[in-house]
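Remember, it's a predicted structure, so these values are computed and weren't measured experimentally. Residue numbers begin at 1 in each chain, while the letters A, B, ... track the order of the sequences. FYI, side chains are in, hydrogens and waters are out, and symmetry mates aren't considered; it's all heavy atoms of this structure.
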There are 2 protein chains.
Amino acid sequence: MKIGELATLTGCTVQSIRYYEKEQLLPTMQRSDGNYRIYGLAAIEQLKLIKHCRNLDLSLAEIRTLLELKQQPDITCDTVNKIVDSHIEQVALRIKELKHLQEQLRSLRDSCSLKSTVNECGILKKLSVKKT
Amino acid sequence: MKIGELATLTGCTVQSIRYYEKEQLLPTMQRSDGNYRIYGLAAIEQLKLIKHCRNLDLSLAEIRTLLELKQQPDITCDTVNKIVDSHIEQVALRIKELKHLQEQLRSLRDSCSLKSTVNECGILKKLSVKKT
DNA sequence: TTAAACTATATAGTAACTATAGAGTCAAGT
DNA sequence: ACTTGACTCTATAGTTACTATATAGTTTAA
């Protein structure tokens, strides 16, 4: 299988597959006579894992760690848990921040009446004055 | 006032102030004999506005638009409203996405028991199999 | 055989900075 | 007068996870 077929099978772009190889998330593939990368079924598996992790917003560094752990089946999976746990925390924190942001934006939005001019725009006034 | 003082007064770093100037969020400042940027009180105002907007996660492009609008006090502030509204929507969407993510991460986390080895780790299994 | 479709590498761009290198400026102390 | 240290200047590279582009080579179908 060549890279284009792998791309359509997994929903990745050709470029990102090459990028993952460069970043060591996929192994260096063997090449055909014409220097084309040749993939087997294992590559589909691995790319799907990568893609699923990316959908969960895991960083490439985190995914690389998971993949390395997968190569050592006999150690305990504490590290896997830790990665997921810390990621859950990060997401929770981000949600909290965004909710706070949402409140501020709404209160900002309420400070501008419909027909006013920029000159007396409550939003711009608030932005200029409010402390950081 | 030189750039370092402005930085401490506003809580920005010296580099980011220079960056904002390069990106046209601050005007090109006049220079001293020794080629140092010289700032007045207006710069504090403007930097605080920028910083406050950044705290609200507005992009530099959005902030640039707001600052341009500020220069034209007589037009209606529809555009200001639109920027804020669209930003509120973006944040709401992101919160929704993150909540969905959070669910998936938690269900993933639940699939790994405490003492298992990587070999039989429910998390890695799920990640490999689950569809994108 | 030739054109289309595919693949290869290398490089630059994205956002909003941060970090670094190398050089010039200024104020205070000796 | 000289030097030291703190400050400033510009230019460049790095960050993340790609995407886009240019240029060149390969394969496949008509």
Side-chain angles (χ1 to χ4, degrees), chain A residues 1-39 43 46-67 83 86-87 90-91 94 97 101 132, chain B residues 1-26 28-39 43 46-47 49-67 83 86-87 90-91 94 97 101 132:
Chain A
M1 178 171 33
K2 283 180 290 181
I3 199 168
E5 195 182 343
L6 182 63
T8 46
L9 281 177
T10 57
C12 297
T13 67
V14 167
Q15 290 104 308
S16 66
I17 295 175
R18 286 198 278 249
Y19 177 70
Y20 291 150
E21 182 179 321
K22 207 178 103 196
E23 293 297 313
Q24 320 242 37
L25 289 151
L26 293 172
T28 309
M29 300 312 291
Q30 53 171 140
R31 303 298 183 98
S32 71
D33 286 352
N35 199 32
Y36 288 4
R37 289 169 183 83
I38 303 299
Y39 297 93
Q46 187 147 345
L47 244 188
K48 279 190 178 170
L49 190 158
I50 293 170
K51 213 187 173 208
H52 188 53
C53 288
R54 289 296 298 138
N55 285 345
L56 296 175
D57 254 13
L58 292 168
S59 70
L60 295 193
E62 287 171 321
I63 299 172
R64 194 161 25 232
T65 307
L66 288 178
L67 290 170
I83 290 175
S86 119
H87 200 69
Q90 284 172 44
V91 173
R94 188 63 186 146
E97 285 171 357
L101 215 60
T132 54
Chain B
M1 181 173 29
K2 284 180 290 181
I3 199 168
E5 196 182 344
L6 182 63
T8 46
L9 282 176
T10 57
C12 297
T13 67
V14 167
Q15 289 105 308
S16 66
I17 294 174
R18 285 198 279 248
Y19 177 71
Y20 291 149
E21 182 179 322
K22 207 178 102 195
E23 294 296 314
Q24 321 240 39
L25 289 150
L26 293 172
T28 308
M29 299 313 291
Q30 53 169 145
R31 303 298 183 99
S32 71
D33 286 353
N35 199 32
Y36 288 5
R37 290 169 181 84
I38 304 298
Y39 297 93
Q46 187 147 346
L47 245 188
L49 191 158
I50 293 170
K51 217 193 168 201
H52 189 51
C53 288
R54 289 296 298 139
N55 285 345
L56 296 175
D57 254 13
L58 291 168
S59 70
L60 295 194
E62 288 171 320
I63 299 172
R64 195 163 21 235
T65 307
L66 288 178
L67 289 171
I83 290 175
S86 118
H87 200 69
Q90 284 171 45
V91 172
R94 188 63 186 147
E97 286 171 357
L101 214 61
T132 53

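Side-chain atoms of B:His87 never come within 3.5 Å of backbone atoms of B:Glu62 as a donor-acceptor pair (strictly under, hydrogens ignored). A donor-acceptor contact shorter than 3.5 Å is absent between the side chain of B:Ser16 and the backbone of B:Cys12.
Protein atom CG of B:Asp33 is 21 Å distant from nucleotide atom P of D:dC7, rounded to whole Å. At whole-Å resolution of the value, CD in B:Gln30 and P in D:dC9 are 13 Å apart. Taking atom OH of residue B:Tyr19 and atom C1' of nucleotide C:dA19, one finds them 15 Å apart after rounding to whole Å. Distance B:Leu25 CG to C:dA15 P: 13 Å, rounded to the nearest Å. Between the CD1 atom of B:Ile63 and the P atom of C:dA16 there is a distance of 8 Å, rounded to whole Å. Distance, A:Lys2 NZ to C:dA8 P: 9 Å, rounded to whole Å. Spacing between atom CD of A:Glu21 and atom P of C:dT7 amounts to 14 Å, rounded to whole angstrom units. As a whole-Å value, the separation of A:Gln90 CD from D:dT16 C1' is 14 Å.
Using a 4.0 Å cut-off, no side-chain N or O of B:Ser16 falls inside it from OP1 or OP2 of C:dA16. Phosphate proximity of C:dA8 to A:Arg18: present, with a side-chain N or O under 4.0 Å from OP1 or OP2. Phosphate proximity of D:dT10 to B:Arg37: present, with a side-chain N or O under 4.0 Å from OP1 or OP2. In this model, the phosphate group of C:dC17 is not approached by any side-chain N or O of B:Thr13 to a distance below 4.0 Å at OP1 or OP2. Between B:Tyr20 and C:dC17, a side-chain N or O to OP1/OP2 separation shorter than 4.0 Å is present. For the OP1/OP2 pair of C:dT9 and a distance below 4.0 Å, the side-chain nitrogens and oxygens of A:Arg31 include at least one atom meeting the criterion.
Side-chain contact between A:Leu9 and A:Tyr39 is absent, with no heavy atoms from C-beta onward closer than 4.5 Å. Put simply, the side chain of A:Leu47 does not reach to within 4.5 Å of the side chain of A:Leu25, judged on heavy atoms.
Among the atoms of the strands shown, none is found under 4.0 Å from any heavy atom of A:Ser32. Nucleic acid contact for B:Ser59: sugar-phosphate only, since backbone atoms but no base atoms lie under 4.0 Å from a heavy atom of the residue.
Between A:Glu21 and A:Arg18, no side-chain nitrogen of the basic residue sits less than 4.0 Å from a carboxylate oxygen of the acidic one, so the salt-bridge criterion is not met.
If A:Lys22 and B:Lys22 are placed on DNA chain C by their nearest nucleotide, the residue sitting closer to the 5' end is A:Lys22.
You'll find a donor-acceptor pair under 3.5 Å spanning the side chain of B:Tyr36 and the base of C:dT25, going by distance alone.
Set against D:dT8, D:dT27, C:dC17, the side chain of B:Arg54 has C:dC17 as its closest nucleotide.
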